[in-house]
J.: 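Let me begin by handing over the structure; questions about it come next.
Note that ligands are numbered from 1 as they come in the structure, with each ligand's atoms numbered from 1 the same way. The analysis underlying the following values was restricted to heavy atoms, covering all of them including side chains, and did not include hydrogens, waters or symmetry mates.
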Amino acid sequence: MLLQGAPVARAIADALRGESDALRERGVTPCLATVRVGEKDADLAYERGIAKRCEQSGVTVQRIAFPAGVSQETLLRELSALGANPGVHGILLLRPLAERFDDAAVCAAVPPGKDADGVTLTSMAAIYSGAHEGFAPCTAEACLALLEHYGIPIDGKRALVIGRSFVIGKPVSMLLLRRNATVSIAHTHTQNLPALCREADILVVATGCAGLIGAQHVRAGQTVIDVGIHTLPDGSLTGDVRFDEVAPIVDCITPVPGGVGAVTTAILCRHTIEAAKKSAR
Ligand code: NAD
């Protein structure tokens, strides 16, 4: 089965529409602020995807864009103004930022209650503690939303997450663990990756290495979630998994593009609406 992201995103957005309408009736217009530095193609494409999904979900978007040379001080000032603005419920900072920025300091300027993409230490701690503060990173939660939408069993299953970043690998591992999967995490020092991969029922691949996972890593009966996204010289997109080799072997697989990425923006809307609901209490 092809685990396409679009139907998942549409189902989430449709459900959110009702919630955003209910909020509007109470005088609250859910609003996401996106903050961009520079004009990177990937950021602009992400912004367009966000705008489309927010419209479907009934979320207003406030787009803020700074020139590439903006100072950290100005960026911090803007984030703190958005944090104090009661009309803004979610804040998304397009990352990675250029190296000259202190990423930790910039992320810390987002109030946890508006941390729609889970970049603050409060959000990260909540993933591990189970506290209802902040939000999980959208991409990590999108992996779980795909599994749930397509009815892939998680409870008691063996999951292997390849990648241990704070953005994807670690949070997705914790989210799978919360749903009672038996979770292993593989990384650059892992030995005999193909054999480890073949043991898993669910493989989540988030390595940033195009085409790392091929036929020797998989077997029949598995579900493969490919988080990777890479632009080839001809402009086309590809993932961390060699789709043409792996798809005929496994039971379920996400395409790239059209898999996890499509769901990420719907989760961003969900977080913004949850934040708006909390602010309206
Ligand atoms: P990262 O570079 O921060 O982390 C990569 C992780 O993979 C590291 O923990 C590393 O140990 C592991 N790794 C790298 N090479 C490996 C190898 N050969 N064997 C085993 N482990 C290996 O990357 P990230 O931020 O977690 O992103 C991962 C991928 O997901 C990237 O391709 C990125 O573009 C993509 N991404 C997709 C979305 C989306 O919405 N679909 C969002 C964010 C990131």
Side-chain angles (χ1 to χ4, degrees), residues 3-6 8-9 12 34 36 40-50 52-53 92-97 99 103-104 107 116-119 123-124 127 135-147 159-176 183-200 203-214 216-218 224-232 236-243 246 253-271:
L3 307 179
Q4 282 179 316
V8 187
I12 295 171
T34 60
R36 166 168 54 84
K40 275 184 274 167
D41 286 346
D43 287 351
L44 295 169
Y46 192 31
E47 256 186 13
R48 283 192 297 275
I50 291 169
K52 183 179 141 210
R53 196 74 65 210
L92 173 82
L93 178 65
L94 287 115
R95 289 160 76 226
L97 293 169
E99 276 190 11
D103 189 61
C107 289
D117 198 23
V119 301
S123 288
M124 284 185 210
I127 292 174
F135 296 94
C138 296
T139 305
E141 209 173 303
C143 297
L144 274 292
L146 273 156
L147 293 170
L160 178 69
V161 177
I162 316 179
R164 56 177 165 182
S165 74
F166 278 116
V167 182
I168 304 166
K170 286 189 177 106
V172 88
S173 304
M174 286 301 123
L175 295 177
L176 286 163
V183 184
S184 306
I185 305 176
H187 45 77
T188 41
H189 293 240
T190 297
Q191 292 182 7
N192 203 358
L193 185 65
L196 199 61
C197 287
R198 290 194 301 269
E199 283 175 18
L203 260 184
V204 179
V205 190
T207 67
C209 294
L212 177 74
I213 300 302
Q216 77 275 28
H217 296 86
V218 295
V224 179
I225 306 287
D226 187 357
V227 184
I229 184 147
H230 312 271
T231 308
L232 295 173
S236 64
L237 297 176
T238 190
D240 289 359
V241 176
R242 278 172 260 151
F243 184 88
V246 170
I253 183 166
T254 57
V256 177
V260 176
V263 183
T264 300
T265 50
I267 302 292
L268 189 58
C269 295
R270 182 194 273 170
H271 289 172

J.: Among all protein heavy atoms, pick out the one at the shortest distance from atom 14 (C) of ligand 1; state its residue, atom name and that distance to 0.1 Å.
T.: Thr207 O, 3.4 Å

J.: Where the closest heavy atom to atom 39 (C) of ligand 1 is concerned, which of Ile185, Leu196, Thr139, Asp240 has it?
T.: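 Comparing heavy atoms across Ile185, Leu196, Thr139, Asp240, the nearest one to atom 39 (C) of ligand 1 lies in Thr139.
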
J.: Can you sort out which atoms of ligand 1 are near His230, meaning under 4.0 Å from one of its heavy atoms?
T.: 32 (O)

J.: Write down the atom of Val172, the atom of Cys143, and the distance for their closest heavy-atom approach.
T.: CG2-CB, 3.7 Å

J.: Can you list the ligand 1 atoms lying under 4.0 Å from a non-hydrogen atom of Ile162?
T.: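 Listed by number with element, the hits are 20 (C), 21 (N).
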
J.: Distance-only, no hydrogens or angles: does the Arg53 side chain make a donor-acceptor pair with backbone N or O of Val263 under 3.5 Å?
T.: no

J.: Report, in ascending order of atom number, the atoms of ligand 1 lying under 4.0 Å from any heavy atom of Gly261.
T.: 40 (O), 41 (N)

J.: Given Ile168, Leu193, Thr231, Val167, which one has a non-hydrogen atom that is nearest to atom 27 (O) of ligand 1?
T.: Ile168

J.: Identify, for atom 8 (C) of ligand 1, the protein heavy atom at the shortest distance, and state residue, atom and that distance.
T.: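 It is Arg164 N, 3.9 Å.
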
J.: How far apart are the closest heavy atoms of Gln216 and Pro194, and which atoms are they?
T.: O-CB, 3.7 Å

J.: Nearest heavy-atom pair of Ala9 and Ala262: which atoms, and what distance?
T.: CB-O, 3.4 Å

J.: Report the distance from atom CZ of Arg198 to atom CG of Leu203, rounding to the nearest 0.5 Å.
T.: 11.0 Å

J.: Which of the atoms of ligand 1 are close to Gly163, meaning less than 4.0 Å from one of its heavy atoms?
T.: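 Answer, ordered by atom number: 6 (C), 7 (O), 9 (O), 12 (C).
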
J.: Are any side-chain N or O atoms of Asp226 and backbone N or O atoms of Val241, one a donor and one an acceptor, separated by less than 3.5 Å?
T.: yes

J.: Give me the residue, atom name and distance of the protein heavy atom closest to atom 21 (N) of ligand 1.
T.: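 For atom 21 (N) of ligand 1, the nearest protein heavy atom is His187 C, 3.1 Å.
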
J.: Strictly distance-based, threshold 3.5 Å: is any side-chain N or O of His271 a donor or acceptor partner for the main-chain N or O of Leu268?
T.: no

J.: To the nearest 0.1 Å, how far is atom 31 (C) of ligand 1 from its closest protein heavy atom, and which atom is that?
T.: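 So the nearest neighbour among protein heavy atoms is Gly208 CA, 3.6 Å.
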
J.: OG1 of Thr264 to OH of Tyr46: how many Å apart, nearest 0.5 Å?
T.: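 Atom-to-atom, Thr264:OG1 and Tyr46:OH are 5.5 Å apart.
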
J.: For Leu193, does its backbone N or O pair with a side-chain atom of Thr190 as donor and acceptor, under 3.5 Å?
T.: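 Judged by distance alone, no pair lies under 3.5 Å.
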
J.: Taking 4.0 angstrom as the limit and counting only heavy atoms of Leu212, give me the atoms of ligand 1 inside it, by number and element.
T.: 17 (C), 18 (N), 19 (N)

J.: Select the closest option to atom 23 (O) of ligand 1 among Pro96, Gly239, Ser165, judged by heavy-atom distance.
T.: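 Nearest heavy atom to atom 23 (O) of ligand 1 lies in Ser165.
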
J.: Report the nearest protein non-hydrogen atom to atom 40 (O) of ligand 1: residue, atom name, distance rounded to 0.1 Å.
T.: Thr264 OG1, 3.2 Å

J.: Give the residue, atom name and distance (to 0.1 Å) of the protein heavy atom nearest atom 36 (N) of ligand 1.
T.: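 The closest heavy atom on the protein side is Val227 O, 3.7 Å.
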
J.: May I ask you to list the atoms of ligand 1 that are less than 4.0 angstrom from any heavy atom of Cys209?
T.: 15 (N)

J.: Could you work out, for atom 33 (C) of ligand 1, the closest of Ile229, Leu237, Ile225, Asp117 by heavy-atom distance?
T.: Ile229

J.: Starting from atom 13 (N) of ligand 1, what is the nearest protein heavy atom, named by residue and atom, and what distance separates them?
T.: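 Residue, atom and distance for the closest contact: Thr188 CG2, 3.7 Å.
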
J.: Closer than 3.5 angstrom, by distance alone: can the side chain of Ser173 be matched with the main-chain N or O of Gly169 as a donor-acceptor pair?
T.: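 It does hold such a pair.
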
J.: Between Asp240 and Thr207, is there a donor-acceptor pair closer than 3.5 Å when you use the side chain of the first and the backbone of the second?
T.: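 Yes, because the side chain of Asp240 sits within donor-acceptor range (under 3.5 Å) of the backbone of Thr207.
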
